[in-house]
Amino acid sequence: MDQQRFSEVDDYLTETLRLEDDHLRHAAQQAQAAGLPPIAVTPAQGKLLQLIAQIHGARRILELGVLGGYSTIFLARALPPDGLLISLELQESYAQTARASIAAAGLSDRVEVRVGPALEGMQALQAEGVEPFDLTFIDADKPATPEYFEHALALSRPGALIIADNVVRRGELADPDTADAGAQGMRRFHELLAAEPRVSATTIQTVGAKGYDGFTLALVTG
Ligand code: DHB
Ligand code: MG
């Protein structure tokens, strides 16, 4: 088993299950044309996010890291017409690319992209006293994932889901001496999860076009 095979299977699934439509392909093309890093979720992962949000009946979604809006489009498609997705993005230029693709997908009425550091954005949401979120997707700078999780918890209603991307980091998660700051952050994140009585969580390892990684699914129980 190698990376080529993992990518072939992702290509097979994308084609056979028709995981992308023209709007998603457009968003991916625009992100590439704008020179954004090629780190968006795969079509299969994006569809999983959409399905989880649909199963959950999410009406309010928070996303950290909009990038080109690719995962945003999947998640926003799970929302009812009066639903809301707020996505926080550090890079103004990424936000502009994302907003255009989200608009082209007909989802501007339920998506708001806010520019700035995610922690500040989350603090602002808390200060605004926004309605709590039903689902948070953490997919921003990896070392700060533990802090993002703590704020996501504060912004969640009981029964909400918190999903974090890129938590396995090619297996570095299991190395206590890892030099990878992202993996160190993910180890702290898992320690927080273990110590937090208000969540019930698991992590699933994944392979695919983006290599060997994984995601965490956490249910806010209280
Ligand atoms: C990186 C970030 C991601 O969100 C991802 O899914 C893969 C890689 C990165 O920063 O390298
Ligand atoms: Mg990611």
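Here, residue 1 is the first one in the sequence, and each next residue gets the next number. The structure presented is a predicted model; accordingly, all values stated were derived computationally and were not measured. In listed order, ligands and their atoms are each counted from 1.
Here is the list of ligand 1 atoms found below 4.0 Å of a heavy atom in Asp165: 6 (O).
For Thr221 and Ser200, the side-chain atoms include no donor-acceptor pair closer than 3.5 Å. Looking at Thr14 and Glu20, their side chains never bring a donor and an acceptor atom within 3.5 Å of each other.
Annotation: atom 8 (C) of ligand 1 to nearest protein heavy atom, Ile39 CG2, 3.6 Å. If you check which protein heavy atom lies closest to atom 6 (O) of ligand 1, you get Lys210 NZ, 2.5 Å.
Asp165 contributes OD2 as its N, O or S atom closest to the Mg ion (ligand 2).
Ion pairing between Asp134 and Arg157 holds under the 4.0 Å rule for side-chain N and carboxylate O. Remark: Lys142 does not engage Asp180 in a salt bridge, criterion side-chain N to carboxylate O under 4.0 Å.
The angle Asn166:OD1 - the Mg ion (ligand 2) - Asp139:OD1 amounts to 90°, with values rounded to 10 degrees.
The shortest N or O to N or O distance between Asn166 and ligand 1 is under 3.5 Å.
Linking Ile, Leu, Val, Met, Phe, Trp and Tyr whenever their side-chain heavy atoms come within less than 4.5 Å leaves Leu135 and Ile138 in two separate clusters.
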